[in-house]
**Q** 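Got a structure for you, written out below as structure tokens; questions coming shortly.
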Amino acid sequence: MPELPEVETTRRGLAPHLTGATLSEIHVRQARLRHPPDATALSTLCGQTVRALERRAKYLLMHFDTRTLIVHLGMSGSLRLLPEGEPLRPHDHVVLGFGPQQLVYHDPRRFGGFVLAHTESLPDHALFRHLGPEPLSDALTGDYLYRLSRGRRQGVKPFIMDQRIVVGVGNIYATEALFSSGIRPDRPAGRISRTRYDCLAQAIKAILSAAIEQGGTTLRDFVNGHGKPGYFAQTLQVYGREGTPCPACQRPLRLLRLGGRSSVFCASCQR
DNA sequence: ACTGGCTCCTGAGGGC
DNA sequence: TGCCCTCAGGAGCCAG
């Protein structure tokens, strides 16, 4: 999935085409998603215009006249804009018609979905209430991570992947940011110095920003709003490269399993 | 309060 | 060729 850079890439690709467009029809072809789309509720958006397309964490927010349609891409989701009448493929679960173009939600693993919410109460919405700050905002600092991590024995990698701590950092970018800042993924979060958290916070921002610039990371099937892959995969230093030489010291990269997620790291460069 | 483990689902890839 | 196992970009829920 889509981590933050992939959702942001999708948002940037779609915004110029969807902003100001009026929804003409909605087809829910498969409602059994993690967040099941309610076809009846969604149909009340027909005739309304998209006022803005925003992102919060890994959620895409489609603001209509009276309500906001929240879209999550789960692990394998993508949105693409097609000419009306273009043939659909397997796992194209929801189609939003905007006159001559259609926005197609595709999600083989069905971990994503759609939630309709009242725009004015979005910050209080159950999906958003407990989310941490945006990683590219000034709220994410080394000092912030340092303070929240005190007393925690959990590994630093699951710690920075916890959306209550900071949003948008998934397995790929957590792995890369820890390599970049020289911190072992299994080091207890509470046993890392303020200085090293400064370095980690900067690495998270730098890597997410670079990934957005490159259109995100395509491992299997991520595509932006126009069906194009992202190019950050070629920039990845360690993710998915266990057993191959560390780009810095040439020693073989090792694999750990932390919180059920694979974590590649260099035992020599990361302490 | 934290933490790790399990779960939802489909598809790809490796070993035999 | 085919079968079975493991793993994959997320994240909510549960028990200890």
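What's counted below: heavy atoms across the whole structure, side chains too, no hydrogens, waters or symmetry copies. Numbered from 1 within each chain, the chains take letters A, B, ... in sequence-line order.
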**Q** Rounding to a whole Å, what distance do you find between A:Ile165:CD1 and B:dT3:C1'?
**A** 13 Å
**Q** For B:dC2, does OP1 or OP2 lie under 4.0 Å from any side-chain N or O of A:Gln154?
**A** no
**Q** Any strand counts, and the cut-off is 3.5 Å on both contacts for Watson-Crick or G-U wobble. Which nucleotide pairs with B:dC9?
**A** none
**Q** For A:Arg152, report the nucleic acid contact type (base, sugar-phosphate, nothing); a contact means any heavy atom under 4.0 Å.
**A** sugar-phosphate
**Q** So what does A:Thr217 hit on the nucleic acid, given a heavy-atom distance under 4.0 Å: a base, only sugar-phosphate, or nothing?
**A** base
**Q** Just the rounded figure in Å: distance from P of B:dG11 to CZ of A:Arg220.
**A** 13 Å
**Q** Can you check whether A:Arg164 has a side-chain N or O nearer than 4.0 Å to OP1 or OP2 of C:dA11?
**A** no
**Q** Go through C:dG10, B:dT3, C:dG9 for me and flag the one nearest to the A:Arg153 side chain.
**A** B:dT3
**Q** Looking at every strand, decide which applies to A:Arg34 at a 4.0 Å heavy-atom threshold: base, sugar-phosphate, or nothing.
**A** base
**Q** Within the 4.0 Å heavy-atom criterion, would you say A:Tyr59 contacts the bases, only the backbone, or no part of the nucleic acid?
**A** sugar-phosphate
**Q** Reading DNA chain B from 5' onward, which residue's closest nucleotide shows up sooner: A:Pro158 or A:Arg109?
**A** A:Pro158
**Q** For B:dT10 and A:His91 - does any side-chain N or O of the residue sit under 4.0 Å from the phosphate oxygens OP1/OP2?
**A** no
**Q** Take the protein atom NE2 of A:His35 and the nucleotide atom P of C:dC13, then report the distance between them rounded to whole Å.
**A** 10 Å
**Q** Checking base pairs now: Watson-Crick or wobble, both atom distances under 3.5 Å. What partners B:dT3?
**A** C:dA15
**Q** Side-chain N or O of A:Arg150 less than 4.0 angstrom from OP1 or OP2 on B:dC2?
**A** no
**Q** Verify, without hydrogens or angle tests, whether A:Thr49 (side chain) and A:Arg51 (backbone) share a donor-acceptor contact under 3.5 angstrom.
**A** no
**Q** Respond yes when some side-chain nitrogen or oxygen of A:Ser262 is under 4.0 Å from OP1 or OP2 of C:dA8, and no when none is.
**A** yes
**Q** Tell me what A:Asp221 touches on the nucleic acid: a base, only sugar-phosphate, or nothing, going by heavy atoms under 4.0 Å.
**A** base
**Q** Figure out the CE/P separation between A:Met75 and C:dC7, and round it to whole Å.
**A** 13 Å
**Q** Expressed in angstrom and rounded to an integer, what is the separation of A:Phe222 atom CZ from B:dA12 atom C1'?
**A** 20 Å
**Q** Look at the side-chain heavy atoms of Ile, Leu, Val, Met, Phe, Trp and Tyr, link any pair under 4.5 Å apart, and say whether A:Val156 and A:Ile207 land in one connected group.
**A** yes
**Q** Does A:Arg110 have a side-chain nitrogen or oxygen under 4.0 Å from the phosphate oxygens OP1 or OP2 of B:dT10?
**A** yes
**Q** How about A:His63 and A:Glu54: does a side-chain donor come under 3.5 Å of a side-chain acceptor?
**A** yes
**Q** In whole angstroms, how far is the C1' atom of C:dA11 from the CD1 atom of A:Ile70?
**A** 15 Å
**Q** Are A:Tyr173 and C:dG9 close enough that a side-chain N or O sits under 4.0 Å from OP1 or OP2?
**A** no
**Q** Taking A:Lys205 first and then A:Asp138, would you say they form a salt bridge - that is, a charged N and a carboxylate O separated by under 4.0 Å?
**A** no
**Q** Could you check whether A:Gly259 gets within reach of a base, just the sugar-phosphate, or nothing at all, counting any heavy atom under 4.0 Å?
**A** nothing
**Q** Between the side chains of A:Tyr173 and A:Thr217, does any donor sit under 3.5 Å from an acceptor?
**A** yes
**Q** Tell me yes or no: between the side chains of A:Ser262 and A:Arg257, is some donor less than 3.5 Å from an acceptor?
**A** no
**Q** Should A:Phe111 be counted as stacked on C:dG10, where stacking needs a ring-centre gap under 5.5 Å and an angle between planes under 30 degrees?
**A** yes
**Q** Has A:Arg32 got a side-chain N or O lying under 4.0 Å from the OP1 or OP2 atom of B:dC9?
**A** yes
**Q** Can you check the distance between B:dC6 and C:dT6, where both ends of the measurement are the C1' atom (answer in whole Å)?
**A** 16 Å
**Q** Provide, to the nearest angstrom, the distance between the CD1 atom belonging to A:Ile207 and the C1' atom belonging to C:dG9.
**A** 16 Å
**Q** What is the separation between atom NE2 on A:His93 and atom C1' on B:dC8, rounded to the nearest whole Å?
**A** 13 Å
**Q** With a 6.0 Å cut-off on ring centres, are A:His35 and A:Phe114 close enough?
**A** no
